[in-house]
Amino acid sequence: TLPIANGGTNSTSTTFVNMTSNVTGTLPAANGGTGATSFSPGKILQVVSTLFAVDTSTSSASLVATGHIATLPSLASTSSKILILQSVSNCYVNATNHGMELAYYASIDSGAYAQIGGKLMGILRKDVITGGGTNNYLYSPSTTDSVSIQVYYEATTTGTVYYGNGSLQANNLTLMEIGA
């Protein structure tokens, strides 16, 4: 029951209304509520995020693992999707190089890593520069098993590229399971 001030005056007496039998029509949603009785797909079901502040470099012209991994322990449904969000706060290209490319690799239930999607745009394109950027990718793994995502990288020309620098800012990798 809900107390209601008697006649809207400053009276100290109150009357009560039985909300289950004496109220008809649609009641407004409570503060912060939506009034929804069911929910549509697209809810974020779980989120994991990892910081990577390790000095790592390569001069390989082929994609190699950075060691930057984030893992969702299991998915709610085979139709769930994973939104991959990456923030690269620190990377470095040396004087003889002009770029670095990144890619995402997935491992299902601790299996071998396999590339998903294509290479991401090179994030650095100048001589001797430290910088960063962001990337995102929507992945449909079709599993309820654990899913690990690892960042891979490569040098686009002769020279060395650096993903992360432990003495400066960390790179971030976030995975969000989106309900189907």
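Counting begins at 1 with the first residue of the sequence.
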| field | Minimal non-hydrogen separation, Q150 against G67, with atom names | value | OE1-N, 2.9 Å

| message | Can you confirm whether T58 sits close enough to Y163 that some side-chain heavy atom of one is under 4.5 Å from a side-chain heavy atom of the other? | response | no

| task | Please round to the nearest 0.5 Å and tell me the distance separating atom OH of Y104 and atom CG of N135. | result | 4.5 Å

| task | Could you tell me which non-hydrogen atom of K81 sits nearest to which non-hydrogen atom of S140, and how far apart they are? | result | NZ-OG, 3.1 Å

| said: Is any side-chain heavy atom of K119 closer than 4.5 Å to one of L63? | reply: yes

| Same cluster or not: are I84 and L102 linked, directly or through other Ile, Leu, Val, Met, Phe, Trp or Tyr residues, by side-chain heavy atoms under 4.5 angstrom apart? | yes

| So, for A103 and G118, which heavy atoms are closest and what is the spacing to 0.1 Å? | CB-O, 4.3 Å

| task | Check for a donor-acceptor pair, side chain of S60 on one end and backbone N or O of S62 on the other, with a separation under 3.5 Å. | result | yes

| field | Note, L85 side chain near T134 side chain (heavy atom, < 4.5 Å) | value | no

| For the student: nearest non-hydrogen atoms of S57 and T160, plus distance | CB-CG2, 3.7 Å

| request: Grab the two heavy atoms, one from T143 and one from D145, that are nearest each other, plus how far apart they are. | output: OG1-N, 3.0 Å

| remark: Output for pair (M176 CE, Q46 CD), nearest 0.5 Å, gives 11.5 Å

| request: To the nearest 0.5 Å, tell me how far I82 CD1 sits from I116 CD1. | output: 7.5 Å

| Min side-chain heavy-atom separation T174-V47 under 4.5 Å | yes

| said: Is the shortest side-chain heavy-atom distance between Y162 and T56 below 4.5 Å? | reply: no

| query | Could you give the distance from CD (E101) to OG1 (T156), rounded to the nearest 0.5 Å? | reply | 6.0 Å

| query | Are the side chain of Q115 and the backbone of G117 linked by a donor-acceptor contact shorter than 3.5 Å? | reply | yes

| task | Answer yes if L72 and L173 sit in the same cluster of Ile, Leu, Val, Met, Phe, Trp and Tyr residues linked by side chain heavy atoms under 4.5 Å apart, and no otherwise. | result | yes

| request: Determine the interplanar angle of the F52 and H68 rings, folded into 0 to 90°, and report it as parallel if under 30°, tilted if 30 to 60°, perpendicular if over 60°. | output: parallel

| task | Could you please spell out the steps behind the side-chain contact (heavy atoms from CB on, under 4.5 Å) verdict for S74 and T144? | result | CA-CA 6 Å; S74 65; T144 58; 5.9 Å; no

| query | How long is the gap from CG on L83 to CG on N136, to the nearest 0.5 Å? | reply | 6.5 Å

| query | Between CD1 of I44 and OG of S80, what distance do you get to the nearest 0.5 Å? | reply | 12.0 Å

| Joint cluster assignment, I108 & L175, ILVMFWY side-chain distance < 4.5 Å | yes

| task | Verify the cluster assignment for V151 and V48: are they in a single hydrophobic cluster under the rule of side-chain heavy atoms below 4.5 Å apart? | result | yes

| request: Run the numbers on Y153 and V64 for side-chain contact (heavy atoms from CB on, under 4.5 Å), then give the verdict. | output: CA-CA 6 Å; Y153 69 144; V64 295; 3.7 Å; yes

| request: Quick one: closest heavy-atom pair of S107 and G111, and the distance? | output: OG-O, 2.6 Å

| ILVMFWY network linking L45 to Y139, side-chain heavy atoms under 4.5 angstrom | no

